[in-house]
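Given the structure is predicted, the values throughout are model-derived calculations rather than measurements. Side-chain atoms are counted along with the backbone in the values below, which use heavy atoms only and exclude waters and symmetry mates.
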Amino acid sequence: MTVDLSQIVKAYDVRGVVPDQWDETLAELFGAAFVRVTDAEAIVIGHDMRPSSPGLADAFARGAARLGADVTLIGLCSTDQLYYASGSLGLPGAMFTASHNPARYNGIKMCRAGAAPVGQDTGLAQIRELAERWSETGAPEPAATPGTVTERDTLTDYADYLKALVDLTSIRPLKVVVDAGNGMGGHTVPTVFEGLPLDLVPMYFELDGTFPNHEANPLDPKNIVDLQARVRAEGADLGLAFDGDADRCFVVDERGEPVSPSAITALVAARELAKVPGGTIIHNLITSWSVPEVVREQGGEPVRTRVGHSFIKEEMAKTGAIFGGEHSAHYYFKDFWNADTGMLAALHVLAALGGQDGTLSELVSSYDRYASSGEINSTVADQAASAAKVRAAYESDDVTLDELDGLTVTAEDWWFNLRASNTEPLLRLNVEARSAVTMAKVRDEVLALVRATD
């Protein structure tokens with residue numbers, strides 16, 4: 001029988017339901033395939049708090065060691081802590097996590113040495129092919145000398161590295177509420193924040209891969225309601241929310257109001273440009289107009305890219321960019337091997353806020369200049385036909401159209417992007433305008449076209 005892993009091997013990672021779609025037997029084959037494709041003599045492996053993660057990570061390690069690679073297990077960690085280990089140790093790495101997916105899911109995020117991403121075009125397709133073949137024919141022949149498996153704790157080194165990049169020693173004391181969502185932020189935040197002038201109010205720091213309080217996905221507004229209420233109740237200076245594997249960080253201000261990831265991108269970009277004048281800043285095409293505006297005002301060079309970490313990291317490497325940001329709260333740093341780390345972005349926000357006397361809402365107001373719809377999803381039967389209908393309706397001399405990623409339509413006072421989901425029958429709409437009235441008008445017009453049934 002031919003084994004088909006197309007349902008779990010995605011564009012950038014492996015992800016599926018355990019044990020229905022994949023299990024430790026398959027994880028062991030993935031470990032062997034990873035070593036064969038990367039030609040690694042040694043690798044590093046970490047995992048999140050999901051019940052299935054330790055067993056899957058150990059199985060991957062057995063497969064890797066079988067083919068002769070020495071394995072370093074760093075145990076419980078955030079995804080950016082795994083990237084730190086890959087970068088600092090100079091080793092290919094594998095992180096076992098399904099990020100914000102429900103508890104029954106798990107996955108693998110893989111990278112080459114120096115945290116360089118492994119995606120479909122950079123090794124993941126070959127890893128899938130080998131795992132499929134070996135599922136039918138049996139595991140590959142073991143190496144003459146199997147690899148060793150050792151354990152190593154990198155949490156303190158990871159925390160020290162981040163704090164060396166952002167000076168927080170002279171900031172004023174801040175009260176910060178952190179919602180870890182029962183994810184890996186509950187493991188990393190206490191060590192990273194240790195010794196800083198911060199009054200930490202922890203929420204849901206207990207590691208629990210069943211997510212008993214809410215989904216560990218702060219991009220969904222319902223999952224930050226508890227944080228917003230707690231910030232107001234505590235009279236805190238700000239709130240931070242991390243996703244399940246703690247590689248993304250969302251921010252709310254002292255009023256409990258969400259701060260857009262675009263505003264955070266602009267704020268961090270300005271700080272990085274103060275260190276490296278004239279540097280290049282990457283932003284995806286769904287971030288606010290304010291991002292490239294701020295970058296140019298600060299003397300930097302903005303570069304617009306498609307959505308997705310593989311495109312961002314590729315452009316970071318190609319341009320030598322110092323920083324990159326996405327609307328989804330992924331933040332990428334040259335000082336962090338071009339990898340994404342929500343924790344480092346959070347430290348920048350704390351440093352910026354604590355370095356002056358105003359509130360966070362006042363601080364970010366200059367970076368949040370336009371009215372935005374946020375991302376709105378519509379289920380459609382035919383993504384291409386719906387997008388074509390919208391394109392036809394907006395083709396005119398008064399707008400510009402581009403198809404870098406989906407359809408982007410830009411006018412003098414507004415823009416929108418409409419793009420298809422790669423995994424679901426959805427069209428995703430983002431609208432921004434110079435006024436809330438104009439934004440609502442364009443949003444409703446486009447949604448009416450998308451959702452109309454012929």
Donor-acceptor contacts, no H, no angles, side chain residues 255-263, under 3.5 Å, sequence neighbours left out:
| from | atom 1 | to | atom 2 | distance (Å) |
| --- | --- | --- | --- | --- |
| R255 | NE | D253 | OD2 | 3.1 |
| R255 | NH2 | D253 | OD2 | 2.7 |
| S260 | OG | S262 | N | 3.4 |
| S260 | OG | A263 | N | 3.0 |
| S262 | OG | S288 | N | 2.9 |

Taking atom types as modelled, find out whether N182 and N213 have a side-chain donor-acceptor pair closer than 3.5 angstrom.
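N213 and N182 do have a side-chain donor-acceptor pair below 3.5 Å.
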Distance-only side-chain donor-acceptor flag, E293 / Y370, under 3.5 Å:
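Yes, a side-chain donor-acceptor pair sits under 3.5 Å.
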Ring pair (Phe, Tyr, Trp, His ring centres under 6.0 Å) contacts touching residues 223-262 (sequence neighbours left out)
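Checked against ring pair (Phe, Tyr, Trp, His ring centres under 6.0 Å) - neighbours excluded - no pair reaches residues 223-262.
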If you apply the rule ring pair (Phe, Tyr, Trp, His ring centres under 6.0 Å), what do you find for F333 with H348, and how did you get there?
CA-CA 12 Å; F333 294 83; H348 273 284; 5.6 Å; yes
So is K10 actually on top of Y105's ring, under 6.0 Å and inside 45° of the axis?
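Relative to the ring axis of Y105, which defines the angle, K10 lies outside at least one limit.
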Heavy-atom count check: over 12 atoms from other residues, nucleotides or ligands less than 6.0 Å from [X] [atom1]?
{"X": "D121", "atom1": "CG", "answer": "no"}
{"X": "K275", "atom1": "NZ", "answer": "yes"}
{"X": "D357", "atom1": "CG", "answer": "no"}

Ring pair (Phe, Tyr, Trp, His ring centres under 6.0 Å) for H214 and Y204? Distances and angles first, verdict last.
CA-CA 9 Å; H214 58 71; Y204 313 140; 5.5 Å; yes
To the nearest 0.5 Å, what is the distance between CZ (R152) and OG1 (T72)?
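With rounding to 0.5 Å, CZ (R152) is 7.0 Å from OG1 (T72).
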Distance in Å, M49 CE paired with D208 CG, rounded so as to fall on 0.5 Å steps
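Result: 8.0 Å between the selected atoms.
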Flag the pair L238 / L350 as yes when at least one side-chain heavy-atom distance between them is below 4.5 Å, and no otherwise.
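Result yes, sub-4.5 Å side-chain heavy-atom pair found.
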